[in-house]
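Atoms within each ligand, like the ligands themselves, are counted from 1 in listed order. We use all heavy atoms of the structure for the numbers below, so side chains are in, but hydrogens, waters and symmetry mates are not.
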Amino acid sequence: MAEGIQLKKGRFSAKLSEALRAYYRPISEDPVLLGARLNQKNIQSNSIFYRVSKGPALLGWVVYDPETSTIEELVPSPPYSLKKIVVQMLDALIAAETQVSAHVLASDTEKYAELLAYGFRPVRSFNDKGLAFVGMELSTSVLLHKLKNKKPARPYRKQEKVAIEKVPETQTPAEIKESLTRLLAKLGGIDTFVAKGQTVVIKPNIVSDHGLKDGVLKPGIVTDIRVVQALVELLLPIAKQVIIAEGSSINRSETAKMFALYGYDRLVDLDPKKVKLVDLNTDKLIEKPVPAGKRMRSRKIPVTLDKADVIINLPVLKNHFAAIASLAIKNLQGAMPPLEKYMSHFFGLWQNLVNIHHLIKPQLTIIDGLCGQEDFGPVSGTPKTMNLLIAGANPVAVDATAMRVMGLEPSASPPVFLAYMQGLGPIEKKQIKVLGPAITQVRQVFKQPQIDVRGGKDLRIHSGEACSGCRGYLHFVLAKLRKDDPEHPGQRVIDRSLACKANIFLGPTMNRAINSAEVNLFMGLCQQQHAALGKHLAGCPPHAEVIVNAVYGLFPGLEKPKYADETEEAKLGKLLEEILNVFL
Ligand code: SF4
């Protein structure tokens with residue numbers, strides 16, 4: 001909770017009605033407006049009326065819709081002005097509710113300006129009961145900054161167990177299976193998670209073909225098939241069916257090729273009647289509402305996961321250049337169908353990773369730490385042999401433990417921190433009982449990627465407190481331009497002379513004025529308010545393909561690198577556009 005501020009649930013009172021009247025009278029005497037704002041029934045039937053006070057002083061009210069995580073109303077209590085109390089009230093609200101949206105009357109320019117200054121960004125306009133509104137989303141970067149070192153308002157109370165098991169350096173299939181058996185025994189054995197006759201879905205990480213190029217295996221990118229095989233062998237005597245399910249993230253039409261490339265298709269031979277592979281990118285879908293809908297109110301998930309009795313999440317111990325770590329929380333992004341993956345970027349990747357865990361709940365996570373990946377993970381880093389397996393029932397506790405093994409603070413990963421702050425699991429050491437060797441005995445510090453978002457001679461980057469999302473993805477693209485320029489030997493492509501100086505703005509704060517005589521790119525939700533002043537790259541963070549197209553567009557004649565199957569990406573982009581036309 002913000003310093004000395006109390007947030008208490010109350011009722012729609014005569015005092016609130018009076019405060020609304022006092023607040024709106026100078027904005028408009030329009031009876032429609034006043035009627036709509038002063039009548040409780042016209043706000044939201046399920047709204048929470050938060051009274052915000054400091055000691056004996058009532059600062060004001062926040063009317064909040066918990067189903068959509070939206071601020072419907074924020075009003076000061078006379079004699080306070082909005083300007084005087086808005087930051088304290090919002091700080092108190094986000095300490096309790098974390099990621100929130102806001103609806104502001106289009107004619108309420110003061111509130112719009114205050115929310116914008118705080119870190120909310122306009123994402124849509126709409127009409128309700130004859131009134132024009134602006135829908136605003138809070139920048140996740142601002143949210144993460146505000147919540148730094150804070151504890152969840154509704155903490156996860158249970159102590160979770162996370163098991164760690166060393167695997168012999170020789171890593172023979174028999175040794176891996178024995179290690180896996182010992183690992184699971186620490187948690188009560190596989191029978192604790194799977195009952196006789198159940199259908200079990202294993203979700204490994206087979207993100208792309210980067211782990212096996214030109215016949216050369218590069219470990220630490222995809223889940224080691226030997227761990228999957230050992231797990232299938234342990235499951236076969238118990239389960240009715242074992243499904244290995246994945247939806248590749250890069251080149252989304254190619255999951256089947258990835259299964260074949262890494263030899264996963266041979267796992268079916270272990271018992272062709274019971275073992276099968278499923279491409280989650282082409283699976284049937286079922287739409288599910290997201291509890292306390294933050295950023296997205298519903299998501300379409302594959303029926304294979306919805307129908308499974310047990311889901312076992314099987315990620316790799318690896319870095320992620322934007323999410324910091326790609327472990328249990330991040331691995332379920334691959335479980336979403338292609339358009340949902342694309343939409344996650346558009347509507348906020350970090351929050352939507354948390355949302356997925358409300359809808360798909362693996363009973364067990366096993367992290368493949370035979371070989372991890374440090375530096376520029378998840379696909380372009382360096383293998384790091386760890387000879388470890390890590391497992392537990394709670395994905396947040398497992399990720400927190402795995403991150404400590406990698407020498408990272410769990411709160412450094414935005415999706416892990418948000419999952420913790422939203423009560424999905426613990427990250428505190430005292431709430432996680434580590435079974436097996438102590439973390440200090442197995443910790444090896446993973447080298448972190450050096451994120452460099454400096455521009456070139458005519459390309460300037462203005463990074464105003466952007467989070468690791470935009471910084472990581474922009475680095476990913478700029479790094480491709482820091483190579484020798486074949487047209488100008490001795491010079492880097494990024495330093496080419498441009499016809500007009502160009503700027504890329506990212507993050508929620510501005511450290512330079514916008515010069516309309518130059519080319520300006522505005523990245524992500526944090527820069528959404530400047531969309532009309534140049535080219536806006538939508539998303540949070542924008543999809544890599546969107547950034548590649550925009551940045552390469554600054555360099556005429558420069559051939560774009562191939563990130564993924566362009567036809568597939570263009571198809572998804574078009575589908576998303578159609579959805580947004582309906583949504584916005
Ligand atoms: S728009 Fe970019 S900087 Fe802002 S919160 Fe999203 S990912 Fe972070």
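Listed by chain and number, the residues in a side chain to side chain donor-acceptor pair (under 3.5 Å) with Asp368 amount to none (sequence neighbours excluded). With sequence neighbours excluded, no residue satisfies side chain to side chain donor-acceptor pair (under 3.5 Å) with Tyr552. Checked against ring pair (Phe, Tyr, Trp, His ring centres under 6.0 Å), Phe417 has no partners two or more places apart in sequence or in another chain.
Of the charged side-chain nitrogens involved, at least one lies within less than 4.0 Å of a carboxylate oxygen, so that Arg154 and Glu97 count as a salt-bridged pair.
Distances from atom 8 (Fe) of ligand 1 under 2.8 Å pick out these protein N/O/S atoms: Cys467 SG.
Closest heavy-atom contact between Met336 and Lys300: CE-O, 3.6 Å.
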Worked check of salt bridge (Lys or Arg N to Asp or Glu O under 4.0 Å) between Glu518 and Arg512: CA-CA 13 Å; Glu518 298 178 342; Arg512 182 188 184 270; 3.4 Å; yes
